Amino acid sequence: MKHKVKVTVIDKKLYPELQRQYCADPESGACPCYHVGDEFVFQREGDTDHFWHMGLGTLTKTGADPDTVAGGPKMPHCSEAWDAISRYIYQGFRAAPL
């Protein structure tokens with residue numbers, strides 16, 4: 001059965017006061033791995049299953065260098081972002097056959 005789930009980065013927040021208080025590098029700035037407008041397509045069909053590879057190779061659109069964006073050909077999604085979105089991607093695979 002063929003399944004596809006599309007994820008788009010629609011916003012990116014930075015809370016400097018919390019970053020200064022809790023991060024090891026209080027001046028690290030915004031996450032460099034995602035950019036507003038990045039699009040990812042997760043597929044599950046036959047031997048292709050992006051879910052079990054933390055989205056490596058799912059990036060389909062970006063305005064940055066794909067090699068430096070999570071989900072690109074060289075970098076899977078970071079564990080924090082993956083923890084936040086993976087359950088929704090998995091549910092999409094279960095509920096949305098194409």
Side-chain angles (χ1 to χ4, degrees):
M1 191 175 292
K2 183 176 182 179
H3 295 80
K4 268 189 192 179
V5 175
K6 180 179 174 184
V7 175
T8 304
V9 177
I10 58 172
D11 200 1
K12 190 170 162 175
K13 303 278 187 200
L14 175 64
Y15 300 94
E17 66 283 358
L18 296 175
Q19 197 171 57
R20 282 190 297 276
Q21 187 174 358
Y22 295 108
C23 290
D25 178 1
E27 302 300 322
S28 58
C31 172
C33 300
Y34 298 96
H35 306 86
V36 173
D38 287 351
E39 292 181 359
F40 309 89
V41 175
F42 294 81
Q43 295 185 49
R44 179 176 276 178
E45 177 184 20
D47 291 337
T48 301
D49 193 338
H50 292 124
F51 185 84
W52 299 111
H53 301 284
M54 289 184 62
L56 184 65
T58 59
L59 180 67
T60 59
K61 177 184 170 189
T62 187
D65 176 3
D67 290 342
T68 65
V69 177
K74 296 186 176 181
M75 186 171 33
H77 291 272
C78 74
S79 60
E80 291 297 322
W82 188 247
D83 185 51
I85 66 171
S86 63
R87 68 197 84 216
Y88 302 107
I89 294 167
Y90 188 76
Q91 185 61 34
F93 282 157
R94 292 180 40 154
L98 296 176

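The figures that follow rest on heavy atoms only: side chains count, while hydrogens, waters and symmetry mates do not. What you see is a predicted model; the values in this text were computed from it and never measured. If you read the sequence from its start, that first residue is 1, and numbering goes on from there.
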Please tabulate, for side-chain N and O atoms in residues 16-23, each donor-acceptor pair with protein atoms closer than 3.5 Å (sequence neighbours left out).
from : atom 1 : to  : atom 2 : distance (Å)
Q19  : OE1    : G29 : N      : 3.3
Q19  : NE2    : S28 : OG     : 3.1
Q19  : NE2    : G29 : O      : 2.8

Exercise for the section: Only counting residues at least two apart or in another chain, list the ones meeting side-chain contact (heavy atoms from CB on, under 4.5 Å) with P32. Expected result: none
Exercise for the section: Report the residues that fulfil side-chain contact (heavy atoms from CB on, under 4.5 Å) with T48, sequence neighbours left out, ordered by chain and then residue number. Expected result: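 Only Q43, H50 meet the side-chain contact (heavy atoms from CB on, under 4.5 Å) criterion with T48.
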Short question: side chain of [X], backbone of [Y] - any donor-acceptor pair under 3.5 Å?
| X | Y | value |
| --- | --- | --- |
| K12 | Y34 | yes |
| T8 | I10 | no |
| T60 | E39 | yes |

Practice task
Classify the angle between the aromatic ring planes of F51 and Y90 as parallel (below 30°), tilted (30 to 60°) or perpendicular (above 60°).
Solution key: tilted
Exercise for the section: Classify the ring geometry between F93 and H3 as parallel (under 30°), tilted (30 to 60°) or perpendicular (over 60°). Expected result: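 Judged by the thresholds at 30° and 60°, the geometry between F93 and H3 is perpendicular.
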Problem - Inter-residue atom distance T68.OG1 - H35.NE2, 0.5 Å rounding - result: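 The distance works out to 6.0 Å.
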Handout entry: CD1 on I89 to CE on M54, rounded to 0.5 Å
Key =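 Here the interatomic distance stands at 10.5 Å.
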Handout entry: same_hphob_cluster(V69, W82) at 4.5 Å side-chain heavy-atom cutoff
Key = yes
Problem - Same apolar cluster (I L V M F W Y, side chains within < 4.5 Å links), L56/W52 - result: no
